[in-house]
Chemist: 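Here's a structure for you.
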Amino acid sequence: MPQSDNASSLNLTGLWHGLYSYPFGKKPVSFVATLSDSDGWFNGTTEEVGTAGDAIGQRLIASLQGRRSGRSVTMLKIYHGPYVFYDSVHYAGDLNEDGTEISGTWHIAGSWSGTFLMIRSRTTASAETEESVEQT
């Protein structure tokens, strides 16, 4: 029988703030991801500011599609738009025990790779629920 995990902490739906790092001392890049998870399959979007080529300073949007199996997370990010250095990126990582962080590695086939970290934003609704529970 599979190990039982708290289903709500494993569901990736929500707003995530992230950072991905390049090799060779290049500055890390922050991004925001919005995910919608249904039984371990998820999709969403990311937004970041371009840091290379013709995308420097441009607002970049990308689509995400992925799968969560237990605490293992894999996803593909595909950038929208015709920017030279922005196409598709593969991510693989692990969700922490309380479902608030995903960390791992990213790679672009035949090119770059690095690490990433995503931290789930605390929603107003969950904060309000916690406050009402604490008051009882």
Side-chain angles (χ1 to χ4, degrees):
M1 179 173 248
Q3 181 181 355
S4 175
D5 284 313
N6 181 343
S8 64
S9 71
L10 292 179
N11 186 300
L12 302 179
T13 297
L15 182 66
W16 296 78
H17 293 274
L19 190 69
Y20 64 85
S21 298
Y22 286 104
F24 313 117
K26 205 166 156 38
K27 288 185 179 182
V29 176
S30 62
F31 64 92
V32 175
T34 304
L35 302 179
S36 179
D37 183 331
S38 178
D39 295 325
W41 293 96
F42 64 90
N43 59 38
T45 59
T46 64
E47 184 176 330
E48 66 193 73
V49 175
T51 60
D54 59 345
I56 291 177
Q58 299 292 318
R59 179 176 162 246
L60 303 178
I61 305 295
S63 297
L64 289 175
Q65 288 187 317
R67 174 86 172 117
R68 181 195 43 77
S69 180
R71 297 198 182 284
S72 178
V73 177
T74 57
M75 60 186 148
L76 175 65
K77 175 167 71 172
I78 300 174
Y79 286 95
H80 303 187
Y83 300 108
V84 173
F85 295 109
Y86 295 89
D87 188 15
S88 62
V89 183
H90 296 268
Y91 289 79
D94 295 302
L95 183 64
N96 70 350
E97 281 190 33
D98 66 1
T100 59
E101 294 184 8
I102 303 170
S103 62
T105 58
W106 61 267
H107 75 275
I108 299 169
S111 186
W112 294 72
S113 64
T115 60
F116 77 96
L117 173 66
M118 295 171 61
I119 299 172
R120 189 190 312 248
S121 287
R122 189 172 171 185
T123 64
T124 304
S126 66
E128 289 173 0
T129 301
E130 288 177 15
E131 286 177 15
S132 66
V133 169
E134 290 173 358
Q135 293 175 0
T136 57

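The figures here come from the full heavy-atom set of this structure, side chains too, leaving out hydrogens, waters and symmetry mates.
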Chemist: Ignoring hydrogens, what is the shortest heavy-atom contact between Arg67 and Asp39? Give both atom names and the distance.
Modeler: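 So the minimum-distance heavy-atom pair works out to NH1-O, 3.4 Å.
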Chemist: Between the side chains of Ser30 and His17, is a donor N or O closer than 3.5 angstrom to an acceptor N or O?
Modeler: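 Per modelled atom types, Ser30 and His17 side chains form no pair under 3.5 Å.
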Chemist: For Glu47, which residues count as a salt bridge (Lys or Arg N to Asp or Glu O under 4.0 Å) partner, sequence neighbours excluded?
Modeler: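 Listed in chain order: Arg59.
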Chemist: More than 12 heavy atoms of other residues, nucleotides or ligands under 6.0 Å from CG of Asp87: yes or no?
Modeler: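 For Asp87, atom CG is not crowded (no more than 12 foreign heavy atoms under 6.0 Å).
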Chemist: Could you work out, with side-chain hydrogen bond (donor to acceptor under 3.5 Å, both in side chains) as the rule, every residue matching Thr13, not counting sequence neighbours?
Modeler: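 With sequence neighbours excluded, Thr13 shows a side-chain hydrogen bond (donor to acceptor under 3.5 Å, both in side chains) to Asn11, given in chain and number order.
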Chemist: Which of these, Asn43, Thr34, Leu35, sits in a side chain to side chain contact (heavy atoms under 4.5 Å, CB included) with Leu64?
Modeler: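 The single option meeting the side chain to side chain contact (heavy atoms under 4.5 Å, CB included) with Leu64 is Leu35.
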Chemist: Do Asn96 and Asp98 have a side chain donor and acceptor closer than 3.5 Å?
Modeler: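 Per modelled atom types, Asn96 and Asp98 side chains form a pair under 3.5 Å.
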Chemist: Are Val29 and Val84 connected in the hydrophobic side-chain network, where two residues link if heavy atoms are under 4.5 Å apart?
Modeler: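 Shared cluster, yes.
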Chemist: Assess the side chains of Tyr86 and Gln58: does a donor N or O sit below 3.5 Å from an acceptor N or O?
Modeler: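 No, no side-chain donor-acceptor contact under 3.5 Å.
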Chemist: If you group Ile, Leu, Val, Met, Phe, Trp and Tyr by side-chain heavy-atom gaps below 4.5 Å, do Leu117 and Met75 land in one group?
Modeler: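 No, Leu117 does not connect to Met75 through the hydrophobic network.
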Chemist: Please name all residues satisfying ring-ring contact (aromatic ring centres under 6.0 Å, His included) with Tyr22, sequence neighbours left out, ordered by chain then number.
Modeler: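 Here the qualifying residues are Tyr20, Trp106, Trp112.
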Chemist: Under a 4.5 Å side-chain heavy-atom rule over Ile, Leu, Val, Met, Phe, Trp and Tyr, are Val89 and Phe24 clustered together?
Modeler: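 Linked within one cluster.
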Chemist: Tell me the closest heavy-atom pair linking Ile119 and Glu101, and the distance in Å.
Modeler: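 That would be CG1-CG, 3.9 Å.
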Chemist: Working to the nearest 0.5 Å, report the span between OG1 of Thr105 and CZ of Phe116.
Modeler: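 It is 7.0 Å, given to the nearest 0.5 Å.
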Chemist: Is the shortest heavy-atom distance from the side chain of Tyr79 to the side chain of Glu48 under 4.5 Å?
Modeler: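 They are in contact (side-chain heavy atoms under 4.5 Å apart), so the answer is yes.
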Chemist: Restricting to non-hydrogen atoms, name the atom on Asp37 and the atom on Phe42 that form the minimum distance, rounded to 0.1 Å.
Modeler: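 Minimum heavy-atom separation between Asp37 and Phe42: CA-CB, 3.8 Å.
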